[in-house]
Amino acid sequence: MPSLRNDRLLRALLRQPVDVTPIWIMRQAGRYLPEYRETRERAGNFMTLCTTPELACEVTLQPLARFPLDAAILFSDILTIPHAMGLGLTVQEGIGPRFARPVRTEGDINALAVPDPEQDLRYVMEAIRLIRKELDGKQPLIGFAGSPWTLATYMVEGGSSTAFRRIKSLIYDRPRSAHRLLDTLARAVADYLNAQTAAGAQALMIFDTWGGMLTAAAFHEFSLRYLRQVLAALRREHDGQRIPVIVFTKGSGGWLEAMAESDCDAVGLDWNIDIGEARRRIGQRVALQGNLDPAVLFATPERIRTEASAILASYGQGPGHVFNLGHGIEPEVEPDHVRVLVDAVHELSAPYHR
């Protein structure tokens, strides 16, 4: 593989010096780009887009052709693991993910098998290898997975939820069953991420999207415990290079210290916490990623620059910051506003790295 010409992201995740703060954007390959919409229409449906390596590669690279981002992130979905477990995943526009065979009973849980990533999820590994070839060392590639807890919420609810009634009933009424499910998922996530590393991913991110809807005690028992299990099982070096791991739990402001002690390299922040406060609490232990409110991208270019400047100033001098949104980019955002943000971060952050 060629040497990496832009290694800002990897250096920042390891809290090493950089020339400017690196930036990438959650869901940067997505519906706000007209070229993405064209590719998805050509694919016919979302799952075909995800499971066709050539199309996944094409979509992954689209935002990098427009913007000077500091990383690519694999185009895929967090629900590939339960899909590989045979739950019958479909994703419909305006409705979201649905499972034909949700996990509800003891028999459902006991029947789950850990997928073989190179067999059951081979399309993901082929996409990674193809993306790395096409990137040709320009930027690093981030691989990812959903956390065990977040995967479990979709699998038990049967799709998206707002009340999480079924998964919460499981953890309160049948905690042993919940732990069996989460243990299976933790092993599956670790295998999946290790396979992504072997295929060529140079950094990893674990999306614990729904950890923040738990109580503090339940978060530690049913989410963080299994994040730690995954992290302990990951191979953290490949071809002599450290593979940094980012953990992102939406709504995690109260648990930052515990997350920083989980053996991750970086903690992702949503927009509900000041990044300067987060740095004071945990920034000597891990790097921080975040944390612009995604709605700022609907504002004027001047306001986008002002808000980006405020986050950079709040983080302050020195390395260890990866600029990102506090959650995924919204589909209605104007692509030109993304360019404003990326350019602003690179321009305005330079004085903080002298």
Side-chain angles (χ1 to χ4, degrees), residues 8-9 12-13 20-33 36 63 66-71 73 78 96 142 144 146-147 150 160 162 205-214 219 246-256 259-260 266-283 286-316 320-349 352:
R8 286 176 188 143
L9 173 85
L13 290 175
V20 298
T21 301
I23 175 172
W24 69 278
I25 295 172
M26 287 186 277
R27 296 188 195 143
Q28 66 188 27
R31 290 176 290 169
Y32 74 103
L33 293 175
Y36 168 88
R66 274 186 179 257
F67 316 119
L69 294 155
D70 294 298
I73 183 167
I78 64 170
I142 304 168
F144 72 91
S147 72
T150 291
S160 302
T162 55
M205 183 158 172
I206 305 174
F207 287 90
D208 185 33
T209 309
W210 299 122
M213 41 75 70
L214 291 165
F219 173 76
I246 311 159
V247 172
F248 173 69
T249 297
K250 188 179 177 186
S252 64
W255 310 316
L256 293 181
M259 293 177 66
V267 170
L269 306 172
D270 63 23
W271 64 91
N272 292 315
I273 184 168
D274 180 81
I275 198 168
E277 177 191 342
R279 188 181 190 188
R280 288 188 291 274
R281 288 169 59 183
I282 63 170
V286 293
L288 299 175
Q289 179 176 281
N291 60 336
L292 185 72
D293 181 350
V296 169
L297 289 176
F298 293 116
T300 63
E302 293 76 17
R303 186 67 183 195
I304 292 169
R305 286 177 59 88
T306 297
E307 294 296 320
S309 178
I311 288 175
L312 293 167
S314 182
Y315 184 87
H321 181 201
V322 173
F323 202 103
N324 209 315
L325 305 182
H327 202 247
I329 189 170
E330 295 293 335
E332 298 82 10
V333 165
E334 289 289 337
D336 287 347
H337 287 200
V338 176
R339 163 70 73 164
V340 170
L341 175 64
V342 175
D343 289 347
V345 169
H346 286 156
E347 173 194 340
L348 300 174
S349 65
Y352 296 104

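Below, each value reflects all heavy atoms present in this structure, side chains not excepted, and no hydrogens, waters or symmetry copies.
Of all heavy-atom pairs spanning Ala266 and Leu13, the tightest one is CB-CD2, 3.6 Å. When all heavy atoms of Gly276 and Asp274 are compared, the pair lying nearest together is N-OD2, 2.9 Å. Contact detail for Pro294 and Trp271: the closest heavy-atom pair is CD-CE3, 3.6 Å. Here the closest heavy-atom approach between residue Phe219 and residue Gly211 is recorded as CD1-O, 3.6 Å. Pro301 and Val340 make their closest contact through O-CG1, 3.8 Å (heavy atoms, listed as atom of the first residue, atom of the second, distance). Closest heavy-atom contact between Ala71 and Leu9: CB-CD2, 3.7 Å.
Here the side chain of Asp270 pairs no donor or acceptor atom with the backbone of Lys250 at under 3.5 angstrom. Between the side chain of Asn272 and the backbone N or O of Gly253 there is no donor-acceptor pair closer than 3.5 Å. A side-chain donor-acceptor contact under 3.5 Å links Thr306 to the backbone of Glu302. Distance alone, capped at 3.5 Å, is enough to place a donor-acceptor pair between the Thr300 side chain and the Arg303 backbone. Put simply, the side chain of Glu330 never gets that close to the backbone of Leu297: no donor and acceptor are under 3.5 Å apart.
A perpendicular orientation is assigned to the rings of Phe207 and Phe248, their planes being inclined by more than 60° (bins at 30° and 60°). The aromatic rings of His321 and Tyr315 lie parallel to each other, with less than 30° between the two planes, well short of the 60° mark.
The structure places CD1 of Ile304 at 5.0 Å from NE2 of His337, a figure rounded to the nearest 0.5 Å. For the atom pair Asp336 CG and Phe67 CZ, the distance stands at 7.5 Å (nearest 0.5 Å). Here CG of Asp70 is found 9.5 Å from OG1 of Thr21. Values are rounded to the nearest 0.5 Å. Atoms CZ and CD1, on Phe144 and Ile246 in that order, are 12.0 Å from each other to the nearest 0.5 Å. A distance of 11.0 Å separates CD1 of Ile275 from CZ of Arg280, quoted to the nearest 0.5 Å. If you take CG on Leu348 and CZ on Phe323, they are separated by 9.5 Å, rounding to the nearest 0.5 Å.
No more than 12 heavy atoms of other residues, nucleotides or ligands shown are found within 6.0 angstrom of CD on Glu334.
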Practice item. Could you please spell out the steps behind the side chain to side chain contact (heavy atoms under 4.5 Å, CB included) verdict for Val286 and Val247? Key: CA-CA 11 Å; Val286 293; Val247 172; over 6 Å; no

Check your understanding: Given Leu288 and Arg279, is the side chain to side chain contact (heavy atoms under 4.5 Å, CB included) satisfied, shown in steps?
Key -> CA-CA 7 Å; Leu288 299 175; Arg279 188 181 190 188; 3.8 Å; yes

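With sequence neighbours left out, the side chain to side chain donor-acceptor pair (under 3.5 Å) criterion links His327 to no other residue.
Between Val345 and Val20 the shortest side-chain heavy-atom distance does not fall below 4.5 Å. Counting only heavy atoms from C-beta outward, the side chains of Thr150 and Asp208 approach each other to under 4.5 Å. Residues Leu256 and Leu269 are in side-chain contact: their nearest non-hydrogen atoms beyond the backbone lie under 4.5 Å apart. Residues Trp24 and Gln289 meet the side-chain proximity criterion, which asks for heavy atoms closer than 4.5 Å. Looking at Pro63 and Tyr32, their side chains come closer than 4.5 Å, going by heavy atoms from C-beta outward. Contact annotation: the side chain of Arg281 approaches that of Ile273 to within less than 4.5 Å [non-hydrogen atoms, C-beta and beyond].
For the side-chain contact (heavy atoms from CB on, under 4.5 Å) test with Ile23, the passing option among Val342, Val338, Leu292 is Val342; the others fail.
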